[in-house]
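To start, the structure itself, in C-alpha cells.
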Amino acid sequence: MKQFDRRLRSKAEAAKLNRKRYLISVLAVVCLLVIAGIIFFGRKKEKVYNTYETVDTVPLSTDSSVRYCAYNGGYISYGRDGAVAFDARGEQRWNVAYVMKNPIVSVCSGYAVLADKGGSQFCIVDGNGTASRFELTEKIASVKIASQGVTAVMATGEERDHIYLYEPDSSGALVDIMTVTKNNGFPLALALSQDGRKLVTSYVSIESGSCVSWVTFYNFGEVGQNYVDNMVGSYSFDDLVPEVAFVTNDTAMICREGGIVFYRVTEVPKALAKEDFTQRIRSVFYSSDYTGVVLEKASDSGEKQLVMYQNARGKKVLDMDFVGEYKGIYTSGKDIVCYDSGRLTIYNIEGKQKLRMDIEKNINAVFPVDDSTRYILIGNETADIIQLKQTE
C-alpha cells in the first residue's frame, strides 16, 4: 500500500492558499455590504409626505344620488339617469343614458357594466362608450365584468335563480346556470375571472336549523367541458360567505364571516391558504397584488387590526393595529389608502405611514391616478387632482 504523503506544503503554496482565502473573505464582505446598501437605500427611497398640491379641479354634479367609482386612472360618475366616464383631468370619455332606480357598476380594464339592482335591465359599455343593452325577466342581484366585456349576472326569481353570462352585442345569454331556491339556497355573491372563463358563486341555505354556505366554482374553458354544468368544485362553510372575488385571474378569495380562504383556480380549485378570525370583519378590499381585511377589536377604544395578504400565495405580509374611523379603504400598488370625511392617511405595505393629514374639504371618495403620488379627491362639489409633496 502506498504511504499517505504527509509532507507539509511549501511556503509558496501556503502563501497562495492564504491569498485565495483572503480574496474570498473580502468578496463575501463586499457582497454583504452591497446587499445591506440596497436594503438601506431602498428603504430610504420610501418618502414620507406631509402636504399636497391641487393640480386641477373639476366641478361635479349637484345631484346627491350620484355615486363614483375608479375607472382606468379616472372615474365614472353614475346615477339614476345615466353614467359618465372621465379621465384624471376631468375630460369626458363617454356618456351613456339609461333609467335605473338603483344602479350598480362593475369595471374591468376598459369595460364597465351598469345594472339596475332589483330591476331587470343592464348595459355593457366598452372603452369608446358603445353600449350593449339587455333586459331580463328576473330581478338583478349582482353583476361582474371581465376584461373583454363578458359579463356575469346573478338574477333572482320567485322559485328559481339564474347565473347568466353575456358578452357585448350578443343576442342572448352565452351561459344559463339555474338553481332552485329550496334546494340550493339564496344567492349571496359572485365573481368572474379577468379572462371571463372562470366563475365562483356563494349561496346560503338553512339545514337542520343551521346556516350553511356553499361556494361553487365553474370553468367555461376546455377543462370545464368535462364536468356536469361546468362545475369543477364546491365547498361548504358553517357561516355566511358575503364576499367572493378573483383577486388575480387564477386566484380566488373567499371571505367568510369567520375567516378568509384563498384558492388557486388554474383549472379546478385547490386551497392555497386560509385563516380564521375571532374578531368581526369590518371591511375586505383587494387589488391585483394584495388583499386586506380590517378587523374590529373587542375593546371600545376604536382600535382596529389591519391584515394584508399577498394574492399570489395567500401569504400574510402585514398585521398592524390602527385607530380611527374611516369612510373608505383600498390598496393600490404597494399603498394602503384610508380616508374619512376630512382626513387622508396612506400606509405602505410594511405598515409605515406615508401620509396623514387633514383635507380642507369633505371627502366622499379617493381614487389613484397613474402613480403613488397623484390622487383624485371626490368632494361634494368638485373633483380635485392632488399631487403629494414634501416640505422641509
Side-chain angles (χ1 to χ4, degrees), residues 32-55 70 73 247-248 251 253 255 260 262 273 275 277 279 281-299 301-360 363 365-378 384-392:
L32 289 173
L33 290 174
V34 169
I35 293 171
I38 291 173
I39 295 173
F40 177 75
F41 288 107
R43 288 181 176 175
K44 284 195 70 176
K45 286 181 181 179
E46 185 63 49
K47 295 182 179 180
V48 177
Y49 300 89
N50 50 19
T51 187
Y52 68 90
E53 174 188 4
T54 301
V55 177
V247 291
T248 74
T251 307
M253 180 274 298
C255 184
I260 190 170
F262 291 89
E275 184 168 5
F277 304 127
Q279 308 100 309
I281 297 176
R282 167 77 176 270
S283 303
V284 58
F285 55 97
Y286 45 86
S287 66
S288 59
D289 299 310
Y290 300 100
T291 294
V293 180
V294 178
L295 304 171
E296 294 278 11
K297 299 201 113 179
S299 66
S301 62
E303 285 190 7
K304 300 171 184 63
Q305 182 180 354
L306 172 61
V307 188
M308 298 292 296
Y309 302 87
Q310 185 186 52
N311 291 336
R313 293 183 293 166
K315 179 183 177 182
K316 185 190 295 185
V317 294
L318 175 65
D319 190 339
M320 62 173 276
D321 294 337
F322 72 101
V323 180
E325 289 302 316
Y326 61 89
K327 184 184 294 183
I329 186 169
Y330 68 88
T331 176
S332 176
K334 293 189 175 183
D335 288 340
I336 304 160
V337 180
C338 180
Y339 61 91
D340 202 357
S341 297
R343 174 166 290 179
L344 176 62
T345 307
I346 303 175
Y347 303 93
N348 65 20
I349 198 62
E350 295 177 348
K352 296 179 180 178
Q353 193 167 285
K354 179 176 174 178
L355 172 78
R356 182 179 176 86
M357 65 177 300
D358 293 331
I359 305 293
E360 297 176 357
I363 304 174
V366 179
F367 305 133
V369 181
D370 53 3
D371 55 30
S372 61
T373 61
R374 288 205 300 163
Y375 296 88
I376 301 172
L377 301 186
I378 302 292
D384 297 338
I385 296 89
I386 66 167
Q387 175 79 51
L388 303 187
K389 297 180 72 68
Q390 293 175 306
T391 57
E392 297 298 332

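Given the structure is predicted, the values throughout are model-derived calculations rather than measurements.
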Option among Asn348, Asp335, Thr373 that satisfies the side-chain hydrogen bond (donor to acceptor under 3.5 Å, both in side chains) test with Lys354 | Asp335
Heavy atoms, side chains only, cut-off 4.5 Å: are [X] and [Y] in contact?
{"X": "Tyr375", "Y": "Tyr52", "result": "no"}
{"X": "Ile260", "Y": "Met253", "result": "yes"}
{"X": "Met308", "Y": "Lys316", "result": "no"}
{"X": "Ile281", "Y": "Val293", "result": "yes"}

Atom NZ of Lys327: over 12 foreign heavy atoms under 6.0 Å | yes
Checking side chain to side chain contact (heavy atoms under 4.5 Å, CB included) against Ile336, which of Ile329, Ile346, Thr345 comes through?
->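 Going through Ile329, Ile346, Thr345 one by one, the side chain to side chain contact (heavy atoms under 4.5 Å, CB included) with Ile336 is satisfied by Ile329 alone.
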Which of these passes side chain to side chain contact (heavy atoms under 4.5 Å, CB included) with Ile376: Asp384, Ile385, Ile386?
-> Ile385
Are the side chain of Asn311 and the backbone N or O of Ser287 linked by a donor-acceptor pair below 3.5 Å?
-> yes
Evaluate the criterion side-chain contact (heavy atoms from CB on, under 4.5 Å) for residue pair Asp289 and Thr331; output intermediate values, then yes/no.
-> CA-CA 9 Å; Asp289 299 310; Thr331 176; over 6 Å; no
Got a second to check how far Met357's CE is from Asn50's CG, nearest 0.5 Å?
-> 7.5 Å
Interatomic distance, Arg282 atom CZ to Glu296 atom CD [nearest 0.5 angstrom] | 5.0 Å
Specify the closest pair of heavy atoms between [X] and [Y], including all atoms of both residues, with the distance to one decimal.
{"X": "Tyr330", "Y": "Phe367", "value": "OH-C, 3.6 Å"}
{"X": "Val317", "Y": "Gln310", "value": "CG1-CB, 4.0 Å"}
{"X": "Gln279", "Y": "Gln305", "value": "NE2-OE1, 2.6 Å"}
{"X": "Gln390", "Y": "Tyr49", "value": "CG-CD2, 3.9 Å"}

Under the ring-ring contact (aromatic ring centres under 6.0 Å, His included) test, which residues partner Tyr309, sequence neighbours left out?
-> Phe262
Before giving the answer on salt bridge (Lys or Arg N to Asp or Glu O under 4.0 Å), spell out for Arg343 and Glu325 the whole-Å C-alpha distance, their side-chain angles and the decisive distance to 0.1 Å.
-> CA-CA 10 Å; Arg343 174 166 290 179; Glu325 289 302 316; over 6 Å; no
Ignoring hydrogens and angles, state whether a donor on the side chain of Tyr326 or Ser283 is under 3.5 Å from an acceptor on the partner side chain.
->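 The answer is yes; a qualifying pair exists.
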Report the residues that fulfil side chain to side chain contact (heavy atoms under 4.5 Å, CB included) with Ile363, sequence neighbours left out, ordered by chain and then residue number.
->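 Scan of Ile363 (side chain to side chain contact (heavy atoms under 4.5 Å, CB included), adjacent residues dropped) gives Tyr339, Ile359, Val366.
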